[in-house]
2 protein chains.
Amino acid sequence: MASRSDTKTRILDAAEKLFAERGFSETSLRLITSKAEVNLASVNYHFGSKKELIRAVLARYLDRFMPEASDELMLIKASGDPSLNDIFSSLVKPLLELNKFKVDGTSTFLQLLGRGYIESQGHLRWFITTHYGEHLNKFVKAVAESAPHIPPAEMFWRLHFTLGTVVFTMASADALTEIAQADFNEHYDIEAVIRKVIPYLAAGVAVPVSTQ
Amino acid sequence: MASRSDTKTRILDAAEKLFAERGFSETSLRLITSKAEVNLASVNYHFGSKKELIRAVLARYLDRFMPEASDELMLIKASGDPSLNDIFSSLVKPLLELNKFKVDGTSTFLQLLGRGYIESQGHLRWFITTHYGEHLNKFVKAVAESAPHIPPAEMFWRLHFTLGTVVFTMASADALTEIAQADFNEHYDIEAVIRKVIPYLAAGVAVPVSTQ
DNA sequence: GTCTATATTACGATAGAC
DNA sequence: GTCTATCGTAATATAGAC
């Protein structure tokens, strides 16, 4: 029989699930500790505050994802000039790897990321860019090199369009898959959604700049 | 000297600004009534509850936007088979018209729409689709007709990707235009951003479905 | 480290005088 | 319609016993 995990882990596990489903501000410490079957006061003992718990939840995923995404990027760059599709697709394996870490790890991570960008008034954005900016820069540079016909200013806008697509889609992923299942009787898991969005993103980023 | 607007309008005006900036659950009735300089109890007198206030805020924009968007769509369909670019472009005028209704009306509306889709657990989505479903269906149908090579289920996903792109971009438009100006010495207003995003959207929506 | 108990603050909502 | 006052609830956080 598996031994009960320690309190800190139990809190992180319960929190990430609830944060992803309901958002940060809609999830109370009472709900988290109740689901985790730990005492309410233990959150403040182990993490200090709710804000720091949120960061810890995100960091647990980012520390796994970011280095592996960087490795994959290096790998495909080593084997020639990757296309935009190749670059975006290089993220799929690191993303799906998160499912080995936790059940529904991939969608949990992407939903947390989306919520972090949309919900927080900057403190999560700051946390991500200062702690993982190096990885992000490498990715942006690779995209720019694979679409040299797009001027830097235009690429700036398009990468933010792309960020918006991903963030919104992932934050709404549960609702969208439910609707899609009801309306089209087709089942989509998170991998299907990821693979669906990549061609969309690549096409938008690479479309020739209008001369009109 | 301009007469003070009535309480109901003052509440709506204050609420829409705060909701767009901070989100619905992060905006308390106390904050709204304080900014609106009206009594706290007046919200419940005029709207019944916070939830109904949220719907009223959205309805004020949707009631202006939706009929005009439908009209514009009919107009371009009457003059031939419109391209995807034409269809998306037909939204520009109705969107910019909102700036005549209120300062920053366009971006406020799009931000509210995004928050409504992400933050609420379905009641806003339900409200929008049941009250404005007829308009939405016409738009979706026009898009589908102009890209007949995309199956309906695929189109469902791509239109939601598109919604995400627009909503996120508009929510960050202020910050993005500032950065763009500093980094690339180019000035963009809301119309410029909208016109920039349209080719990106059209390319993503129309990209051939991968057969891989 | 974990617990009980509680401090403190804020929320949405409403009763009732005017 | 508008106000004051307040109810009932729930939030984060902490003090202090064990």
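Values below: every heavy atom of this structure, side chains too, minus hydrogens, waters and symmetry copies. Computed from a prediction, not measured in an experiment: that's the story for all the values here. Chain A is the first sequence line, chain B the second, and so forth, proteins listed ahead of strands; every chain is numbered from 1.
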Per-nt protein contacts along nucleotides 11-18 of chain C (heavy atom under 4.0 Å; B base, S backbone sugar-phosphate only, - none) come out as BBBB----

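The separation between R10(B) atom CZ and dG1(D) atom P is 16 Å, rounded to whole Å. What separates CD of E37(A) from C1' of dC3(C) is a distance of 16 Å, to the nearest Å. Here dA11(D) presents its C1' atom at 16 Å from CG of L18(A), a figure rounded to the nearest Å. The CD1 atom of I11(A) sits 11 Å away from the C1' atom of dG1(C) (whole-angstrom rounding). Distance NZ (K8(A)) to P (dT2(C)): 11 Å, rounded to an integer number of Å.
Checked against the 6.0 Å centroid threshold, Y200(B) and F161(A) count as a close aromatic pair. Checked against the 6.0 Å centroid threshold, F65(A) and Y132(A) do not count as a close aromatic pair.
Using a 4.0 Å cut-off, some side-chain N or O of T7(B) falls inside it from OP1 or OP2 of dT2(D).
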Evaluate the criterion side-chain contact (heavy atoms from CB on, under 4.5 Å) for residue pair S42(A) and I11(A); output intermediate values, then yes/no. CA-CA 9 Å; S42(A) 60; I11(A) 293 172; 3.6 Å; yes

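A heavy-atom distance below 4.5 Å is not found between the side chains of Y117(B) and L124(B). Taking the side chain as every heavy atom from C-beta outward, I194(B) and M170(B) approach each other to under 4.5 Å.
Partners of H160(A) under the ring-ring contact (aromatic ring centres under 6.0 Å, His included) rule, at least two apart in sequence or in another chain, are F156(A).
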